[in-house]
Amino acid sequence: MPAYLVLENGKIFEGTPFGVRREVVAEVVFATGMTGYLETLTDKSYYGQMVAQTFPLIGNYGVIPADFEGNRIGPCAYIVKNWCRTPSNFRSEGDLDTFFKDIGVVGLCGIDTRSLTKTIRESGVMNGMITYSLTDVNLEKIRNYRVRDAVPAVSVPEMYTEGPENARYHVALMDYGMKENIKRELIRRGCRVTVCPHDTKADAIAALQADGVMLSNGPGDPADNTEIIENLRRILDLNLPTFGICLGHQLLALANGFTTCKLKYGHRGANQPVKNLETGRIYISSQNHGYAVVSGSINPDLAQEWFRNVNDGTCEGIRYRNHPAFSVQFHPEACGGPQDTELLFEAFIERMEANRTCR
């Protein structure tokens with residue numbers, strides 16, 4: 001039986017279902033990576049969204065749990081031109097169809113993903129519905145969908161700690177929907193990491209006697225998280241070295257009184273060029289976000305814009321003057337270049353070392 005993607009503007013794409021069979025309404029976004037579909041599927045920043053892959057063949061190296069970026073699936077549906085039924089990789093433990101049926105993800109293949117992507121680029125991100133009958137489609141219901149309570153839905157329920165007992169640095173990692181590789185990169189550099197729920201209070205962070213605070217990526221509109229933003233202001237008052245990534249970057253900006261905006265179709269892929277405004281050097285970065293910090297809202301007395309997207313000029317990084325903090329919109333742990341911006345983790349380590357020396 002066919003399946004249909006119905007966009008809120010009434011445009012319909014007919015394809016073939018795979019994975020779990022159920023109707024789903026979500027925000028439709030596209031990702032441009034040629035590889036990394038497992039990282040995309042397990043990125044909790046895609047909560048409340050259905051992802052269309054622009055690369056035409058997906059699933060050719062199967063399902064490899066060791067490459068997952070989280071303990072749950074991010075998107076609720078996955079749209080591809082073709083999915084590979086016979087994956088070939090010595091690390092593979094299955095195929096996408098079986099994987100999706102096990103974890104409850106809706107799949108749709110065989111549609112014109114190029115046309116879908118062009119529609120989103122020209123009209124902007126819009127909502128859509130995957131259905132198996134066109135008789136009862138409610139466009140008003142599709143248009144009214146909104147991603148809500150995203151961060152609480154994906155954050156860990158309680159604290160846990162990983163890393164060496166005798167580590168020189170102890171990092172409090174605020175989980176707003178973190179990618180596992182953020183934690184792995186910190187541990188690889190000799191840090192002990194305590195992963196904290198999204199609503200962990202400043203007093204609890206202080207009690208950890210952490211050397212630094214990491215603010216993770218995550219889903220949804222950053223401005224919706226008013227309680228998190230207010231709590232983050234109190235965490236900043238601890239005067240600990242702080243490093244924000246993606247949503248963490250946006251929340252840090254909002255906590256300092258700056259503003260954010262929704263992008264027309266966002267940045268989702270592994271080839272986004274960003275420019276260091278201090279050195280002029282350009283890096284290729286991996287990104288997944290639909291919102292950005294408004295450059296004109298950055299108070300020059302409090303901070304300075306650090307990185308900028310070469311394609312559209314949006315803010316990609318901020319260095320703060322009023323706190324020992326910095327943040328970036330892209331993912332330095334994602335090996336986009338392949339290791340171009342790992343230096344940011346080194347900068348975070350250096351700040352924690354300098355802060356220990358000054359105590």
Side-chain angles (χ1 to χ4, degrees), residues 1-3 5 13-22 24 26 28-114 116-117 130 132 154 162 177-185 187-188 217 219 268-272 284-288 331 333-339:
M1 292 181 64
L5 170 65
F13 296 85
E14 180 178 337
T16 304
F18 69 107
V20 166
R21 181 185 173 89
R22 62 180 171 86
V24 61
V28 184
V29 300
F30 65 85
T32 61
M34 295 175 66
T35 61
Y37 60 84
L38 293 174
E39 289 84 348
T40 295
L41 284 167
T42 54
D43 184 347
K44 290 179 279 190
S45 294
Y46 284 111
Y47 176 86
Q49 298 175 325
M50 57 178 78
V51 178
Q53 288 283 176
T54 60
F55 193 70
L57 178 63
I58 297 296
N60 54 306
Y61 51 86
V63 177
I64 307 171
D67 291 346
F68 290 0
E69 284 290 357
N71 58 0
R72 59 167 289 165
I73 297 303
C76 56
Y78 200 52
I79 303 167
V80 300
K81 177 64 177 176
N82 298 297
W83 67 273
C84 181
R85 291 160 173 78
T86 55
S88 177
N89 188 286
F90 72 99
R91 299 170 66 220
S92 176
E93 298 182 17
D95 63 85
L96 283 184
D97 183 49
T98 304
F99 179 53
F100 283 6
K101 287 174 179 174
D102 288 343
I103 61 175
V105 172
V106 175
L108 176 63
C109 70
I111 76 166
D112 187 345
T113 51
R114 182 180 177 86
L116 173 60
T117 301
I130 292 179
Y132 308 92
V154 299
E162 293 185 12
M178 71 167 187
K179 292 171 69 175
E180 285 291 313
N181 212 33
I182 295 175
K183 180 178 64 181
R184 287 193 290 260
E185 287 294 330
I187 292 174
R188 187 163 71 89
N217 62 293
R268 298 176 180 89
N271 59 349
Q272 290 285 332
I284 301 300
S285 68
S286 178
Q287 300 192 18
N288 169 22
H331 286 273
E333 83 289 349
C335 303
Q339 298 176 333

Here the gap from I103 atom CD1 to I73 atom CD1, rounded to the nearest 0.5 Å, amounts to 3.5 Å
| Given the rule in the side-chain contact (heavy atoms from CB on, under 4.5 Å) test, do Q272 and H331 qualify, once you have shown the distances and angles that lead to the verdict? | CA-CA 10 Å; Q272 290 285 332; H331 286 273; over 6 Å; no
For V105 and P75, the nearest pair of non-hydrogen atoms, with its separation, is CG2-O, 4.2 Å
Correct closest heavy-atom pair for P219 and V154 would be CD-CG2, 3.8 Å
In this structure, CZ of R268 is separated from CG of D43 (nearest 0.5 Å) by 10.0 Å
Rounded to the nearest 0.5 angstrom, the CD1-CZ distance for I64 and F99 is 11.0 Å
Closest non-hydrogen contact found for P87 with G94 is CG-O, 3.8 Å
Nearest heavy-atom approach of A52 to L116 is CB-CD2, 3.7 Å
In terms of heavy-atom contacts, V51 and A31 come closest through CG1-CB, 4.0 Å
side-chain hydrogen bond (donor to acceptor under 3.5 Å, both in side chains) filter on N60, not counting sequence neighbours, yields none
(message) I'd like to know if the side chain of T42 and the backbone of F68 have a donor-acceptor N/O pair within less than 3.5 Å.
(response) no
Cut-off 3.5 Å, no hydrogens considered: what does the side-chain donor-acceptor table look like for residues 106-114, sequence neighbours left out?
| from | atom 1 | to | atom 2 | distance (Å) |
| --- | --- | --- | --- | --- |
| D112 | OD1 | R114 | N | 3.2 |
| D112 | OD1 | S115 | N | 3.1 |

With sequence neighbours left out, the residues meeting ring pair (Phe, Tyr, Trp, His ring centres under 6.0 Å) with F13 are none
For S92 and G62 the tightest heavy-atom approach is OG-CA, 3.5 Å
task = Take L41 and L96 through the test side-chain contact (heavy atoms from CB on, under 4.5 Å) and record every step on the way to the result.
result = CA-CA 10 Å; L41 284 167; L96 283 184; 4.0 Å; yes
Salt bridge (charged side-chain N to carboxylate O under 4.0 Å, His left out) pairs touching residues 70-92, sequence neighbours excluded, are D67-R91
Exercise. Examine distances only and state if a side-chain atom of Q53 and a backbone atom of F30 form a donor-acceptor pair shorter than 3.5 Å.
Key: no
Residue pairs passing the ring pair (Phe, Tyr, Trp, His ring centres under 6.0 Å) test with at least one member in residues 38-66, sequence neighbours excluded, are Y37-Y61
Output for pair (C84 SG, L57 CG), nearest 0.5 Å, gives 5.5 Å
Ring pair (Phe, Tyr, Trp, His ring centres under 6.0 Å) filter on F100, not counting sequence neighbours, yields F18, Y78
Between L5 and M50, is a side-chain contact (heavy atoms from CB on, under 4.5 Å) present by the stated rule, with each step listed? CA-CA 10 Å; L5 170 65; M50 57 178 78; 3.7 Å; yes
Hits for side-chain hydrogen bond (donor to acceptor under 3.5 Å, both in side chains) against E180, two or more places apart or cross-chain, chain-then-number order -> K183
**Asked** So do the side chains of P65 and E93 get within less than 4.5 Å of each other, counting heavy atoms only?
**Response** yes
Distance col, row E69:CD vs K44:NZ, nearest 0.5 angstrom, shows 10.0 Å
With sequence neighbours left out, the residues meeting side-chain hydrogen bond (donor to acceptor under 3.5 Å, both in side chains) with T98 are D95
By side-chain hydrogen bond (donor to acceptor under 3.5 Å, both in side chains), N217 pairs with (sequence neighbours left out) S45
